[in-house]
Undergrad: 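One structure coming up, written as structure tokens, with questions to follow.
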Amino acid sequence: MKITGLNQVPEEAVSHNPAIKKRVLLRSHDLPHLTNFSQARFAPGQIANGHSHSDMAEVFFVESGQGTITVDGQPYLLTPGTCIAVEPGEHHEVANTGTEDLVLTYFGLRV
């Protein structure tokens, strides 16, 4: 068992845009197949540049704010309560299109 509080872990940069900050609650060595379990905050206008993962699926849950996730060229609205699963190989980009922080809780699974 492992218990981690969001306020107990330091902020660190998101790899796809170092200006976006995240807090990592679980890392790849904590559970089988998990790459991370994190919460990221996107300031208005911030974008995690488009990318894909050949060996990982990702799940994003919108805690607050508004934005878009573009998957394989198709934009989808992100609003509180929305959950998006991105399959391995799908090209995706997340953008805060709102006026307040976009807060996403997300995890990755190795496939």
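Please read all numbers here as calculations on a predicted model, not as lab measurements.
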Undergrad: Hey, mind stepping through L26 and V24 against side-chain contact (heavy atoms from CB on, under 4.5 Å) and telling me if it holds?
TA: CA-CA 6 Å; L26 295 171; V24 179; 5.8 Å; no
Undergrad: Nearest 0.5 Å please: distance from the CG atom of N96 over to the CZ atom of F42.
TA: 8.0 Å
Undergrad: Mind checking side chain to side chain donor-acceptor pair (under 3.5 Å) for D55 and listing every partner two or more places apart, or none if nothing turns up?
TA: R110
Undergrad: State, with a plain yes or no, whether a side-chain heavy atom of Q66 is found less than 4.5 Å away from one of L78.
TA: no
Undergrad: Please tell me if the side chains of T105 and F60 come closer than 4.5 Å, counting only heavy atoms from C-beta onward.
TA: no
Undergrad: Can you find a pair of side-chain heavy atoms, one from V59 and one from I84, that are under 4.5 Å apart?
TA: no
Undergrad: Atom CZ of F61 and atom CD of Q39: how far apart are they, to the nearest 0.5 Å?
TA: 10.5 Å
Undergrad: Can you name the closest pair of heavy atoms from G89 and D72 and give their distance?
TA: O-OD1, 4.5 Å
Undergrad: Which heavy atom of L109 sits nearest to which heavy atom of T35, and what is that distance?
TA: N-OG1, 4.2 Å
Undergrad: Which heavy atom in I47 sits nearest to a heavy atom in A95, and how many Å separate them?
TA: CG1-CB, 3.7 Å
Undergrad: Compare all side-chain heavy atoms of L104 with those of E63 and state whether any distance is below 4.5 angstrom.
TA: no
Undergrad: Taking side chain as C-beta onward, heavy atoms only, is D30 less than 4.5 Å from K2?
TA: yes
Undergrad: Can you see which heavy atom on G65 is nearest to which on L102, and at what distance?
TA: C-CD1, 4.0 Å
Undergrad: Keeping N36 on the side-chain end and R27 on the backbone end, is there a donor-acceptor pair under 3.5 Å?
TA: no
Undergrad: Among the clusters formed by ILVMFWY side chains lying less than 4.5 Å apart, do V111 and L34 turn up in the same one?
TA: no
Undergrad: According to a hydrophobic-cluster definition based on side-chain heavy atoms being under 4.5 Å apart (Ile, Leu, Val, Met, Phe, Trp, Tyr only), do Y76 and V86 belong together?
TA: yes
Undergrad: Do the ring planes of H16 and H51 sit parallel (below 30°), tilted (30 to 60°) or perpendicular (above 60°)?
TA: parallel
Undergrad: Let's go through T4 and V9 carefully: what are the C-alpha distance in whole Å and the side-chain angles of both, what is the deciding distance for side-chain contact (heavy atoms from CB on, under 4.5 Å) to 0.1 Å, and is it a yes or a no?
TA: CA-CA 8 Å; T4 308; V9 293; 3.4 Å; yes
Undergrad: State the CD-OG1 distance between E90 and T70, to the nearest 0.5 angstrom.
TA: 12.5 Å
Undergrad: Of the non-hydrogen atoms in K21 and V14, which two are nearest, and what is the gap between them?
TA: C-CG2, 4.2 Å
Undergrad: Would you please test R23 and E12 for side-chain contact (heavy atoms from CB on, under 4.5 Å) and show each step?
TA: CA-CA 6 Å; R23 292 181 189 267; E12 53 189 86; over 6 Å; no
Undergrad: Could you measure the distance from the OG atom of S28 to the CE atom of M56? Nearest 0.5 Å is fine.
TA: 11.0 Å
Undergrad: Roughly how far apart are Y106 OH and S38 OG, rounded to 0.5 Å?
TA: 4.0 Å
Undergrad: Please confirm whether the backbone N or O of V103 pairs with a side-chain atom of D101, one donor and one acceptor, at under 3.5 Å?
TA: no
Undergrad: Within the 4.5 Å heavy-atom criterion, are L6 and Q8 side-chain neighbours or not?
TA: no
Undergrad: Would you say the side chain of V62 lies within less than 4.5 Å of the side chain of T79, judging by non-hydrogen atoms?
TA: no
Undergrad: Just by distance, do the side chain of Q46 and the backbone of A19 share a donor-acceptor pair under 3.5 Å?
TA: yes
Undergrad: Can you see which heavy atom on A13 is nearest to which on P18, and at what distance?
TA: CB-O, 3.5 Å
Undergrad: Does the side chain of K22 reach to within under 4.5 Å of the side chain of E11, using non-hydrogen atoms?
TA: no
Undergrad: Please lay out, stage by stage, how R41 and I20 fare under the test side-chain contact (heavy atoms from CB on, under 4.5 Å).
TA: CA-CA 6 Å; R41 289 186 172 272; I20 300 169; 6.0 Å; no
